[in-house]
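I have placed the structure first, in the form of structure tokens, so that the comments after it can refer back to it.
Computed over heavy atoms, backbone and side chain alike; hydrogens, waters and symmetry mates excluded. Note that the coordinates shown come from a computational prediction; the quantities given were computed from them, not determined experimentally.
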Amino acid sequence: MELTVTPAAHQTEFSFTLPLGLADPDGTVHRDGAMRLATAFDEVEPLKDPRVRANPGYLVIILLARVITRLGTVDHINTRAIENLYAADLAYLQDFYLRVNQNGHTRLQVACPHCDGEFDVEVAGLGE
């Protein structure tokens, strides 16, 4: 007899809310979005880009443009959209990227200062 184990579905896309948001030319501010888990290719392919070779700090711009799947009603997330984010939003997305790609979730373990109890807090929407 052969035992077949079906792997549990795992989450590959995570919602977020930017602290400030991306303002488009019409004045609409886009704050709610989603990011997918990065692949190995997502992390190595941008290293070939001449913009990264000229300025290694540009890596994060390309990487975020690859993994953000939705930002408000913006039709296409590209490097120009990421370049136009406020610094606070860029920092938020860098932290969010690290959290979901290192841990596979957006929860943080915290301790209550009053009872010393430990519990998880969902931080995906903390940009608000």
Side-chain angles (χ1 to χ4, degrees):
M1 175 167 85
E2 188 175 317
L3 178 63
T4 303
V5 178
T6 305
H10 63 281
Q11 185 176 358
T12 59
E13 190 168 303
F14 301 86
S15 296
F16 61 80
T17 302
L18 295 176
L20 300 173
L22 175 68
D24 66 22
D26 297 328
T28 303
V29 177
H30 305 276
R31 293 182 62 211
D32 295 325
M35 179 185 295
R36 67 171 173 78
L37 289 175
T39 64
F41 190 72
D42 289 325
E43 294 206 345
V44 297
E45 182 63 17
L47 297 174
K48 298 177 189 175
D49 193 293
R51 296 171 293 184
V52 174
R53 290 184 180 187
N55 178 2
Y58 201 77
L59 175 64
V60 69
I61 302 293
I62 296 173
L63 190 53
L64 290 173
R66 293 177 68 95
V67 298
I68 294 175
T69 58
R70 179 178 53 80
L71 182 56
T73 59
V74 175
D75 289 331
H76 180 68
I77 307 303
N78 55 26
T79 55
R80 175 72 62 195
I82 305 302
E83 289 170 351
N84 287 314
L85 290 171
Y86 291 106
D89 290 333
L90 182 63
Y92 173 86
L93 288 170
Q94 286 177 290
D95 179 64
F96 190 79
Y97 175 90
L98 290 173
R99 191 174 307 116
V100 300
N101 283 287
Q102 289 177 355
N103 303 326
H105 57 76
T106 58
R107 296 180 306 277
L108 290 177
Q109 189 172 52
V110 297
C112 175
H114 302 289
C115 70
D116 291 326
E118 291 187 356
F119 53 95
D120 288 342
V121 174
E122 186 69 36
V123 294
L126 289 185
E128 297 182 7

By side chain to side chain donor-acceptor pair (under 3.5 Å), E43 pairs with (sequence neighbours left out) Y97
Hey, could you give me the CG/CD distance between L90 and E83, rounded to the nearest 0.5 Å?
10.5 Å
Rounded to the nearest 0.5 Å, how far does CG of L47 lie from CZ of R53?
8.5 Å
Minimal heavy-atom distance between I62 and V52, with the atoms involved, is CD1-CG2, 3.5 Å
Is any side-chain heavy atom of I77 less than 4.5 Å from a side-chain heavy atom of T69?
no
Could you state whether V29 and V74 fall into the same hydrophobic cluster, counting links through intermediate Ile, Leu, Val, Met, Phe, Trp or Tyr residues with side-chain heavy atoms under 4.5 angstrom apart?
no
Interatomic spacing from CZ in F96 to CG in N101 - rounded to 0.5 Å:
9.5 Å
Within the side chain of N84, is there an N or O that forms a donor-acceptor pair under 3.5 Å with the backbone of R80?
yes
Count the heavy atoms belonging to other residues, nucleotides or ligands that lie under 6.0 Å from CG of D75, then report whether that count exceeds 12.
no
In this structure, OH of Y92 is separated from OG1 of T17 (nearest 0.5 Å) by 6.0 Å
Nearest atoms (heavy-atom pairs only) where R36 meets R66
NH2-O, 3.2 Å
Is L98 reachable from F16 through a run of hydrophobic residues whose side-chain heavy atoms are each under 4.5 Å from the next?
yes
Give the minimum heavy-atom separation between I68 and I82, together with the two atoms involved.
CD1-CD1, 3.8 Å
Indicate the atoms forming the closest heavy-atom contact of F41 with P46, along with that distance.
O-CD, 4.1 Å
Pairing residues for R70 by the salt bridge (charged side-chain N to carboxylate O under 4.0 Å, His left out) criterion, not counting sequence neighbours
none
Indicate yes or no for a side-chain donor-acceptor contact from D26 to the backbone of T28 under 3.5 Å, with no hydrogens or angles considered.
no
Which atom pair, heavy atoms only, marks the closest approach of H30 to L71?
O-CD1, 3.8 Å
Could you tell me if the side chain of L18 sits less than 4.5 Å from the side chain of L85, heavy atoms only?
yes
Any idea which heavy atoms bring A88 and P19 closest together, and the distance?
O-CG, 4.3 Å
Which is it for I61 and R51 under the side chain to side chain contact (heavy atoms under 4.5 Å, CB included) test, yes or no, and what are the steps along the way?
CA-CA 10 Å; I61 302 293; R51 296 171 293 184; over 6 Å; no
Say you draw a straight line from CE of M35 to CG of L64; how long is it, rounded to the nearest 0.5 Å?
5.5 Å
